[in-house]
Amino acid sequence: MKEIRVRFAPSPTGYLHIGGARTALFNWYFARQNKGKFVLRIEDTDTERLKEDSVSQILTSMKWLGMDWDEGPEVGGEYGPYYQSQRMELYKKEALRLVQEGKAYYCFCTAEELQAERDQQKKTGKNFRYSGKCSSISLEEAQKRLAQGEKAVIRFRLPRKGEVKVKDLIRKQVSFSLDQLDDFIIMKSNGMPAYNFACVVDDNAMAISHVIRAEEHLSNTPKQVLLYEALGYNLPEFAHLSMILAPDRSKLSKRHGATSVEEFREQGYLASALVNYLTLLGWSPGGDQELVSVEETIQNFELTKVSKNAAIYDTKKLTWMNGQYLTSENIREIVDQTLPFMVERGVITGQQATDDYGEITKIIDAVRERVKTLVEIVDASEYFFKEITSYQEKGVRKYFSKPGVDELLEKGRKALTEVEDFTVEETENAYRRLIDELEIKGGAIIHPTRLALTGRTVSPGLFDIMALLGKERCLKRLNQAIEYIK
RNA sequence: GGCCCUAUGGUCAAGUGGUCUAAGACGCCGCCCUCUCACGGCGGAAACAGGGGUUCGAGUCCCCUUAGGGCUACCA
C-alpha cells in the first residue's frame, strides 16, 4: 500500500489561526492513524505579506497543541527544503517545461492593462476572464522581449473545454465548468510561483497522498487538477474541511475576539481543552461523547465523517471544557502551566514558584475545581499570597454589617487560638463546637470568617483555606477584620 | 454578477427511507446537594429554513426558492 503522506501548509502571515489549527490537527490525526507522515511546509511566496516571526509563532502554537511533524522546519526530511521560497529552482523548471510544451506562455500585460480590461468587462456585465491577448506571442518573440528586460508572468494555457470533476472525500464529487476559468498566472513577474502552481508542484514533489485543507481552496481545485494533468502528475486524494466562522457567521477576524491559538493560550485555556474543542468542531465520534482524548481520536478519526457545514465557534463550550480538563488533568501539569501566569501577574515571584512549589500545588488544587481558566486560578488564589487590602463590598453589606459580628469573629478567633494541630479537621472541629455552643447556624459565622480570611464571598471550603493559610495568618486576618468592622 | 459548497434547537452535533411524537453536549431556566461558589444530580424551554416532487412512507433522495459561506488577484 502507498504510504500516507499529508501536509499542513501555512503561509507565514501571522499567528496560527484556530481554523488553521484545526486543519493541521485533522491532517495530523489522519497521518498518525494511518502510520503515515505529517509534513509541514511553509508557503512563503507572498513577499508582501510575510511577517517576521510568523513561522516560529506557528511552530510554537503547533507544539503547544501537542502536534509533531515528521518533516518540515526544524526537523528537515528527504523531500526538503520545506520553505517554498527555497524551492524556486523546481518551480522555474516545471514552469519552463510547460512553456516549452506549449502548455503555458509568457504574458506581458501590465497590471494597469489588466485592470482596464477588467473594468471594461464589468461594464458589459461579463465575468472577468483574461482575454488571452498574449497567448499568441511566439516563444521566440517572447524570449526576445524578455532578453530586452521586459517583465512577464507565465500563464497557464487552459488545455480544454468541458468540465473538471474533483473527487473530494468529504463532499463526494464536485464538477466545475471550464468556461469559468481563464489562463491563470502560474509564475509572477517577480519570479515567485503563484499559489495554485507552487502547491501542485510541491504536493507532487513531496509525494503527498492526501490534500486535506480548508474549504476556501475547493474552488481552486479545478485549476490544480488541470495543472496535475498538464504536468503529468498523479492526482492525490482531496478533502476540503468546512470553515470555522465567527458567531455572527462572518469570516473570523480580530474584531471577534480571540482567533489565534496564542490568544487562547494567553487567556488561560489548556491545550488539551482547545484540542478537544477543535476536534469536535467538525468531527464527531458518533455517539454522545464530548470529552475525547487525542489517542481516541487518532483511533477513531474518519475523514468521511467530517461535517460538511461550516461551524461557528462558541467560547462558552470551550470554557466549559477547559473547566473539565482543569480538574481532571494531573495536578502537576496544571501547576506548571499556572505558575507562569502567577509570576507574570505579580502574584508570586519566580523564586517563590520554585521554593514554594509544594505549597502552591496545594493551593491550586483547592481552587481549580471552581474556576474555568488558568487566569481564573490566579485570581482565585491571590489572597493566599497577598495580604487582604479590601473586602468585597457585597460581603461587607451582607456579613460585616450585622450587629455583633465583630464579637462573633472574636469568639471564632479565640476558638482557633486553641487549635494546636491546624488541620482541616481540627479547625472545623473547633468551629463546630463553637457553633453548637452559641446555638447559631454554621453560616452565621462561616460567611463572615470567609470574608475575613479571603476578602471575598466566594472561595473553597472554609476549613481548607484555614489549613492552607495556617494559624498565624488566620488569626491575624481575623483581627484585621475585627478592627475593620469596629 | 458568475461559479462552487452548505442548510437539524442560540451554538456544536447524532441521525445515512420506516424504531424521529428527533439523541447527547454547551448555554439558559427551575429544583436538590451545600458554609459561599463550583462540581454533581434531577427536571424544563428550545430544531429538521420554505415550497414542490419521488415513495406505501422523507430530517434522510431529487428540484426550486431563500439564507450563509467560499472562489472569482502577479494572496494563500
Side-chain angles (χ1 to χ4, degrees), chain A residues 9-13 43-46 48-49 84 107 109-111 114-115 118 122 125-129 151-155 166 168 170-171 174-177 179-182 184-196 198-199 213-223 240 242-243 245 247-251 277 280-291 307-321 323-324 327 367-372 380 395 398-399 428 431 435 441-447 449-451 454 456-463:
Chain A
S11 133
T13 52
E43 307 215 326
D44 55 350
T45 54
D46 185 355
E48 308 265 306
R49 298 199 311 155
Q84 288 191 324
C107 169
C109 296
T110 63
L114 258 17
Q115 190 56 48
R118 213 178 318 234
K122 201 165 189 181
K126 281 188 187 156
N127 293 330
F128 173 70
R129 266 176 290 138
K151 287 272 184 210
V153 300
I154 297 178
R155 282 184 187 271
V166 175
D168 186 282
I170 296 172
R171 289 152 219 282
V174 185
S175 303
F176 295 86
S177 169
D179 43 52
Q180 289 299 318
L181 269 36
D182 64 357
F184 56 90
I185 292 170
I186 59 175
M187 290 295 275
K188 309 184 215 175
S189 59
N190 66 1
M192 286 289 194
Y195 166 73
N196 286 304
C199 176
R213 72 221 322 181
E215 193 188 350
E216 54 186 318
H217 296 298
L218 183 57
S219 300
N220 284 317
T221 311
K223 294 181 193 169
H240 289 92
S242 55
M243 319 265 320
L245 268 25
D248 64 357
R249 297 204 154 272
S250 67
K251 196 168 178 164
Y277 181 72
L280 258 33
L281 208 56
W283 180 78
S284 161
D288 56 11
Q289 197 184 356
E290 301 292 335
L291 267 15
S307 73
K308 295 194 272 268
N309 43 336
I312 293 170
Y313 83 110
D314 173 23
T315 42
K316 291 242 182 64
K317 188 159 182 175
L318 206 209
T319 303
W320 166 77
M321 259 182 199
Q324 296 289 317
T327 48
V367 146
R368 66 165 164 168
E369 195 178 300
R370 51 208 86 218
V371 298
K372 303 285 193 207
K398 262 176 113 171
Y399 309 121
E428 174 149 20
Y431 252 54
I435 289 164
K441 279 194 170 177
I445 185 164
I446 286 174
H447 292 309
T449 305
R450 165 177 291 110
L451 187 59
T454 68
R456 310 173 184 209
T457 55
V458 171
S459 79
L462 182 65
F463 307 105

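Sequence lines set the chain letters: A, B, ... in the order given, protein chains first and strands last, and positions in each chain run from 1.
- Taking the P atom of each, A49(B) and U11(B) are spaced 12 Å apart, rounded to whole Å.
- Atom pair I186(A):CD1 and C75(B):P shows a separation of 14 Å (rounding to whole Å applied).
- Qualifying ring-ring contact (aromatic ring centres under 6.0 Å, His included) partners for Y399(A), counting only residues two or more places apart in sequence or in other chains: H447(A).
- On the C1' atoms, G43(B) is 26 Å away from U19(B), given to the nearest whole Å.
- Using a 4.5 Å heavy-atom threshold, the side chains of K188(A) and P193(A) count as separate.
- Put simply, CZ on R213(A) is 17 Å from P on G70(B), counting in whole angstrom units.
- Nearest to the side chain of H447(A), among A76(B), A13(B), U36(B), sits U36(B).
- Nearest-nucleotide mapping onto RNA chain B: of P10(A) and I446(A), the residue sitting toward the 5' end is I446(A).
- Remark: the separation of the C1' atoms in U16(B) and C61(B) is 11 Å, to the nearest Å.
- Contact check on E290(A) versus K317(A) returns a salt bridge, with a Lys/Arg side-chain nitrogen under 4.0 Å from an Asp/Glu carboxylate oxygen.
- Of the nucleotides present, U6(B) is the one that pairs with A67(B) by Watson-Crick or G-U wobble criteria, both distances under 3.5 Å.
- Pairing of A22(B), defined by two Watson-Crick or G-U wobble distances under 3.5 Å, is not identified with any nucleotide.
- Following rounding to the nearest Å, E48(A) (CD) and C75(B) (P) show an atom-to-atom distance of 8 Å.
- Between A67(B) and G50(B), the distance separating the two P atoms is 15 Å to the nearest Å.
- At a threshold of 4.0 angstrom between heavy atoms, the contacts of L462(A) include nucleobase atoms, whether or not backbone atoms are also involved.
- Separating the P atom of A7(B) from that of C63(B) is a span of 13 Å, rounded to the nearest Å.
- Residues T45(A) and Y195(A) form no side-chain contact, since every pair of their non-hydrogen atoms from C-beta on lies 4.5 Å or further apart.
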Between protein and nucleotides 63-66 of chain B, what N or O pairs are separated by less than 3.5 Å?
none

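- To the nearest angstrom, P of G69(B) lies 11 Å from CE of M243(A).
- At G69(B), none of the side-chain N or O atoms of S242(A) fall inside 4.0 Å of OP1 or OP2 (strictly under the cut-off).
- The separation of G59(B) from A22(B), taken at their C1' atoms, amounts to 8 Å, rounded to a whole angstrom.
- In the model, R450(A) has a side-chain atom that pairs as donor or acceptor with a side-chain atom of S459(A) under 3.5 Å.
- In this structure, M321(A) atom CE and G24(B) atom P are separated by 17 Å, rounded to whole Å.
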Every protein N/O lying under 3.5 Å from an N/O of nucleotides 25-33 of chain B:
{"unit_1": "A25(B)", "atom_1": "O4'", "unit_2": "E290(A)", "atom_2": "OE2", "d": "2.9"}
{"unit_1": "A25(B)", "atom_1": "N3", "unit_2": "K317(A)", "atom_2": "NZ", "d": "3.1"}
{"unit_1": "C26(B)", "atom_1": "O2'", "unit_2": "K316(A)", "atom_2": "O", "d": "3.4"}
{"unit_1": "C26(B)", "atom_1": "O2'", "unit_2": "K317(A)", "atom_2": "N", "d": "3.1"}

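- The CD1 atom of I445(A) sits 14 Å away from the P atom of C35(B) (whole-angstrom rounding).
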Which atom pairs link the protein and nucleotides 72-74 of chain B when you take only N or O atoms and keep those under 3.5 Å?
{"unit_1": "C74(B)", "atom_1": "O2", "unit_2": "S189(A)", "atom_2": "N", "d": "2.8"}
{"unit_1": "C74(B)", "atom_1": "O2", "unit_2": "S189(A)", "atom_2": "OG", "d": "2.8"}
{"unit_1": "C74(B)", "atom_1": "N3", "unit_2": "S189(A)", "atom_2": "OG", "d": "2.9"}
{"unit_1": "C74(B)", "atom_1": "N4", "unit_2": "C109(A)", "atom_2": "O", "d": "3.4"}

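- At most 12 non-hydrogen atoms from other residues, nucleotides or ligands lie less than 6.0 angstrom from NZ of K308(A).
- Side-chain atoms of A311(A) lie closest to C12(B) of the nucleotides C12(B), C71(B), A76(B).
- In this view, D46(A) and R49(A) satisfy the salt bridge (Lys or Arg N to Asp or Glu O under 4.0 Å) rule, not counting sequence neighbours.
- Place V458(A) and E216(A) on RNA chain B by their nearest nucleotides, and V458(A) ends up nearer the 5' end.
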Tabulate atom names and distances for all N/O pairs under 3.5 angstrom spanning the protein and nucleotides 4-7 of chain B.
{"unit_1": "C5(B)", "atom_1": "O2'", "unit_2": "R171(A)", "atom_2": "NH1", "d": "2.5"}
{"unit_1": "C5(B)", "atom_1": "O2'", "unit_2": "E215(A)", "atom_2": "OE2", "d": "2.9"}

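- If you check C37(B) for Watson-Crick or wobble pairing at under 3.5 angstrom, you find it has no partner at all.
- Between A14(B) and C26(B), the distance separating the two C1' atoms is 15 Å to the nearest Å.
- Between the side chains of H240(A) and R171(A), no donor-acceptor pair is found at a separation under 3.5 Å.
- Separating the CG atom of L451(A) from the C1' atom of C37(B) is a distance of 14 Å, rounded to the nearest angstrom.
- A donor-acceptor contact under 3.5 Å is not formed by the side chain of R370(A) with the base of C39(B).
- Regarding H240(A), its NE2 atom lies at a distance of 16 Å from the P atom of A76(B), rounded to whole Å.
- Comparing G9(B) with C4(B), their C1' atoms are spaced 29 Å from each other, to the whole Å.
- Checking G1(B) for Watson-Crick or G-U wobble geometry (two distances, each under 3.5 Å) identifies U72(B) as its partner.
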